[in-house]
Student: 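Before we start, here is the structure in question, set down as structure tokens.
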2 protein chains.
Amino acid sequence: MTQPLRIDDLDRDILKALMHDARIPYAEMAKRFNVSPATVHVRVEKMRASEIITGTEVVVNPKLLGYDVCCFIGINLNAARDYHSAIEKLKELDEVVEAYYTTGAYNIFVKLMCHSIEELQYVLIDKLQAIDEVQSTETLISLQNPISRNVKP
Amino acid sequence: MTQPLRIDDLDRDILKALMHDARIPYAEMAKRFNVSPATVHVRVEKMRASEIITGTEVVVNPKLLGYDVCCFIGINLNAARDYHSAIEKLKELDEVVEAYYTTGAYNIFVKLMCHSIEELQYVLIDKLQAIDEVQSTETLISLQNPISRNVKP
DNA sequence: CATGAAAATGCGAAGGG
DNA sequence: CCCTTCGCATTTTCATG
């Protein structure tokens with residue numbers, strides 16, 4: 001896996017198209033980029049094999065699923081060595097959708113999605129702060145998400 | 001749009017499957033959930049129409065595209081009313097992949113992806129801090145991303 | 001990298017519980 | 001009203017040049 005793969009402009013174009021719509025027909029990309037559908041197929045397979053493309057997923061609107069509250073929480077641990085066990089416990093909380101090991105003010109930084117402020121309060125107090133390894137937390141509530149996109153290939 | 005749509009267990013199962021693999025055949029979901037492929041089709045169309053599903057995308061590995069540095073930056077603006085114009089300028093920076101309007105210590109919170117620490121330094125000093133509306137920034141570098149997933153339908 | 005044919009999948013109409 | 005069966009159209013996939 002992960003050989004030092006060469007990505008050319010065609011790969012980049014295909015990738016950009018697929019990052020915008022994973023179900024766009026190969027024939028359409030072929031027409032757009034002036035190659036045959038089979039060539040598109042080969043390139044996509046190559047990028048899957050080299051794990052540049054790791055999968056596909058539908059994009060959902062969390063609000064319409066009832067997730068109205070989005071926030072970030074900086075976590076300080078009692079001891080830095082508690083990192084791994086803390087992460088394992090965070091994985092069990094469905095509300096934690098992202099976690100990062102960070103330098104700076106916090107040991108762990110997480111993104112949380114909740115149905116309501118009440119639920120956030122419950123998750124924060126009774127689930128997150130109930131974790132032994134957690135020493136303190138700092139919460140940042142997001143009111144709006146004006147930019148959300150992927151890296152440029 | 002967005003009528004108060006009822007989501008039942010079948011919808012949830014289909015959604016979960018599609019969030020894991022947007023190209024899973026309807027026939028396979030049909031077998032798994034004991035309904036006909038056409039029913040799966042109808043449910044997916046319903047969720048697309050109600051905008052619970054807003055699209056599909058391939059999942060890429062940013063590291064293999066050369067994006068080795070991920071960080072979060074808290075931004076304070078000179079004045080809170082500068083929010084909209086600041087966001088417009090942030091949109092023009094390809095390295096800014098997410099932005100949030102937040103309560104608490106910062107006005108705006110962004111996620112940045114860069115190819116290297118050198119590029120981060122350049123983006124931070126010559127692009128981000130060069131924005132008139134920006135008063136100060138605080139950077140949080142992510143060394144690892146042990147949790148990354150979607151909300152539970 | 002292109003061609004073309006075979007297999008798989010998506011799609012929508014029409015009918016039944 | 002929702003689900004299913006069925007047939008056609010599109011798309012993917014692969015062998016060959």
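Lettering of chains follows the sequences in order, A, B, ..., and the numbering in each one begins at 1.
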Student: Looking only at heavy atoms, which two atoms of A/Thr56 and B/Ala22 are closest? And how far apart?
Tutor: OG1-N, 2.9 Å
Student: Nearest whole angstrom, please: distance from the P of D/dT13 to the CZ of A/Arg48.
Tutor: 9 Å
Student: If you check the A/Tyr26 side chain, which of D/dT12, C/dC11, D/dC2 turns out closest?
Tutor: D/dT12
Student: Would you say B/Cys71 and B/Leu120 make side-chain contact, with heavy atoms under 4.5 Å?
Tutor: yes
Student: Round to the nearest Å and state the distance from B/Arg6 atom CZ to D/dC1 atom P.
Tutor: 14 Å
Student: So, B/Arg43 and B/Asp8, do they make that salt bridge, N to O below 4.0 Å?
Tutor: yes
Student: Would you give the length of the straight line joining atom CG of A/Asn76 to atom CG of A/Asn107, rounded to the nearest 0.5 angstrom?
Tutor: 5.5 Å
Student: Honestly curious: do A/Ile117 and A/Leu112 fall in one hydrophobic cluster under the side-chain, below-4.5 Å linking rule?
Tutor: yes
Student: Under a 4.0 Å N-O cut-off, is there an ion pair linking A/Arg32 with A/Asp13?
Tutor: no
Student: Can you tell me if A/Thr39 touches the phosphate of C/dA2, counting only side-chain N or O atoms and a distance under 4.0 Å to OP1 or OP2?
Tutor: yes
Student: Would you mind reading off the distance between B/Asn34 atom CG and D/dT5 atom C1', rounded to a whole angstrom?
Tutor: 17 Å
Student: Taking the minimum atom-to-atom distance to the side chain of A/His41, which one of D/dC14, C/dG10, D/dT4 wins?
Tutor: D/dC14
Student: Taking only side-chain N and O atoms of B/Arg23, does any of them lie within less than 4.0 angstrom of OP1 or OP2 on D/dT12?
Tutor: yes
Student: Rounded to whole angstrom units, what separation is found between the CZ atom of B/Phe33 and the C1' atom of D/dC2?
Tutor: 18 Å
Student: Measure from CE on A/Met29 to P on D/dT10 and round the result to the nearest Å.
Tutor: 18 Å
Student: Five pairs at each end of the helix from C/dC1-D/dG17 to C/dG17-D/dC1: take the axis at both ends and give me the angle between them to 10°.
Tutor: 30°
Student: If you find the nucleotide of DNA chain C closest to B/Ala38 and the one closest to B/Pro25, which residue's nucleotide is nearer the 5' end?
Tutor: B/Pro25
Student: Please report, rounded to the nearest Å, how far the P atom of D/dT12 is from the CZ atom of A/Arg43.
Tutor: 17 Å
Student: Can you check the A/Lys31 NZ to C/dA2 P distance for me, whole Å?
Tutor: 15 Å
Student: Once you round it to whole Å, what is the distance between C1' of C/dG12 and NZ of B/Lys46?
Tutor: 18 Å
Student: Report yes if some heavy atom in the side chain of A/Gln144 is under 4.5 Å from a heavy atom in the side chain of B/Tyr83; otherwise report no.
Tutor: yes
Student: With a 4.0 Å cut-off on heavy atoms, is A/Val42 in touch with a base, just the backbone sugar-phosphate, or nothing at all?
Tutor: nothing
